[in-house]
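Have a look at the structure below, then the notes.
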Amino acid sequence: MKYFVLGSVASGFLLYGMSMLYGATGTLGVNGVLAAAAASSANMKVLSLGLVFIVAGLAFKIGAAPFHMWVPDVYQGAPTAVSLLIGTAPKLAAYALMIRLLVQGLLPLAPDWQQMLVLLAVASLLIGNLAAIVQTNIKRMLAYSTISHMGFVLMGILSGATAAQANAATNAYSSAMFYMVTYVLTTLVSFGMILLLSRDDFESEEIVDFAGLNQRAPLYAGIMAACMFSLAGLPPLVGFQSKLLVLQALLAMGLPAYTMLAVFAALISVVAAFYYLRVVKIMYFDEAPAEVGAIEAPLGMRALLSLNGAALLLLGILPGGLMALCSKAIAQMLQS
């Protein structure tokens, strides 16, 4: 019910903002809005007000603070398979929506929406990481983790609009896309492990349910540890590369405010490592409950989790291929 009500309000914000775009420009075509905003032929006051509603609606879609209140409750309350779906595919769609609306349609208003994205990014990093520290439910912890990771995605998007050269802008947007894709891969592993450990009438939702996992199934413990290390941004896993690319894009802008934002993101990521490493500590150093038996899983699920876990390592060591695909996609979009 909370998701339905808040989702309806956020969709209303988004649609109301789009109606203002139409009122200011006379069109809902992305290229038409861009042309009208660039030529200053639109009513800029109405356009700016519509931008506020659009950014608020988009922030809800990706779960950025302070529009994040639905994320922990939905992740925890929904069945794990549904949480996995909500935490992956919609994030990719929301990123594409942000690029289409903000970059392709409203780039002349970048100085306005950049300021809003900076505030959203800082709030997401701060609230997401600090709230995750005190969680005992792993799905709720991953929900707050999601909020913090969306802060990095927002930093990649906002840094691209400041770039003076096309190559720098493409690199910034590509870094945000790379981050989103690799985050989705990592989320598939984390929620896949929760599904694996669940059994009849019991879902392994609490962090203590992972106690002694290394004693019961070393392979699965290793996969989950790789997932946690990647989310924490430790090399050589892909989470380190994704964070590094976004921070490099921020620093490449050469602006003091963006440099401070990059330093803040790096420092808050150190804080975030605590709650990820806590899961690893519980898996490797705590005793497994006596009543828990061996873990059984179908061959397909074991193979899929193993391949997904291996991808976190391979993409961290060799990120060039995926980054090239992201750059190609962004370049084609900017040229259209």
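This chain uses plain numbering: 1 for the first residue, then up along the sequence.
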Pairwise distance CZ(Phe53) to OG(Ser48) - rounded to 0.5 angstrom:
12.5 Å
Tyr179: which residues meet the ring pair (Phe, Tyr, Trp, His ring centres under 6.0 Å) condition with it, sequence neighbours left out?
His149, Phe152
side-chain hydrogen bond (donor to acceptor under 3.5 Å, both in side chains): which pairs involve residues 63-73, sequence neighbours left out?
Lys2-Asp73, Asp73-Arg140
Interatomic distance, Ile223 atom CD1 to Arg302 atom CZ [nearest 0.5 angstrom]:
10.5 Å
If you compare all heavy atoms of Met150 against all heavy atoms of Ile62, which two are closest, and at what distance to 0.1 Å?
CG-O, 3.1 Å
Would you mind listing every side-chain hydrogen bond (donor to acceptor under 3.5 Å, both in side chains) that reaches into residues 3-20, with sequence neighbours excluded?
Ser11-Lys61
Co-members of the apolar cluster containing Val5 [side chain, <4.5 Å]
Met1, Phe4
Can a side-chain donor-acceptor contact be found between Thr88 and Tyr183 if the only test is distance below 3.5 angstrom?
no
Members besides Leu267 in its Ile/Leu/Val/Met/Phe/Trp/Tyr cluster (side-chain heavy atoms under 4.5 Å)
Val263
Counting distance only, does the side-chain N/O of Gln241 pair as donor-acceptor with the main-chain N or O of Leu318 below 3.5 Å?
no
Would you please test Leu120 and Phe67 for side chain to side chain contact (heavy atoms under 4.5 Å, CB included) and show each step?
CA-CA 9 Å; Leu120 291 173; Phe67 304 95; 4.0 Å; yes
Who else is in the cluster with Phe240 when I, L, V, M, F, W and Y are joined by side-chain contacts under 4.5 Å?
Leu244
Before you tell me yes or no, could you show the steps for Ile194 and Phe210 under side chain to side chain contact (heavy atoms under 4.5 Å, CB included), namely the whole-Å CA-CA distance, both residues' side-chain angles and the distance that decides it to 0.1 Å?
CA-CA 9 Å; Ile194 297 174; Phe210 286 77; 4.0 Å; yes
Return yes if some donor-acceptor pair links the side-chain N/O of Trp113 with the main-chain N/O of Val52 below 3.5 Å, else return no.
no
Tell me whether the count of non-hydrogen atoms from other residues, nucleotides or ligands lying under 6.0 Å of OH in Tyr284 goes above 12.
yes
Donor-acceptor pair, distance only, cut-off 3.5 Å: does the side chain of Thr27 make one with the backbone of Val33?
no
Can a donor-acceptor pair be found, under 3.5 Å and without considering hydrogens, that links the side chain of Ser174 to the backbone of Thr170?
yes
First locate atom OG of Ser175, then atom CE of Met155, and finally report the distance between them rounded to the nearest 0.5 Å.
9.5 Å
Over all heavy atoms of both residues, which pair between Leu247 and Ala266 is shortest? Give the atoms and the distance, please.
CD1-CB, 4.5 Å
Are Cys227 and Ser190 side-chain neighbours, meaning at least one heavy-atom pair lies under 4.5 Å?
yes
Ignoring hydrogens and angles, state whether a donor on the side chain of Glu205 or Tyr75 is under 3.5 Å from an acceptor on the partner side chain.
no
Rounded at 0.5 Å granularity, tell me how far CG in Leu196 sits from CG in Leu213.
8.5 Å
Any chance you could measure Met69, atom CE, to Leu6, atom CG, to the nearest 0.5 Å?
6.5 Å
Whether Gln135 side chain and Ala131 backbone form a donor-acceptor pair below 3.5 Å:
yes
Just by modelled atom types, is the Gly239 backbone N or O under 3.5 Å from a matching donor or acceptor in the Ser230 side chain?
yes
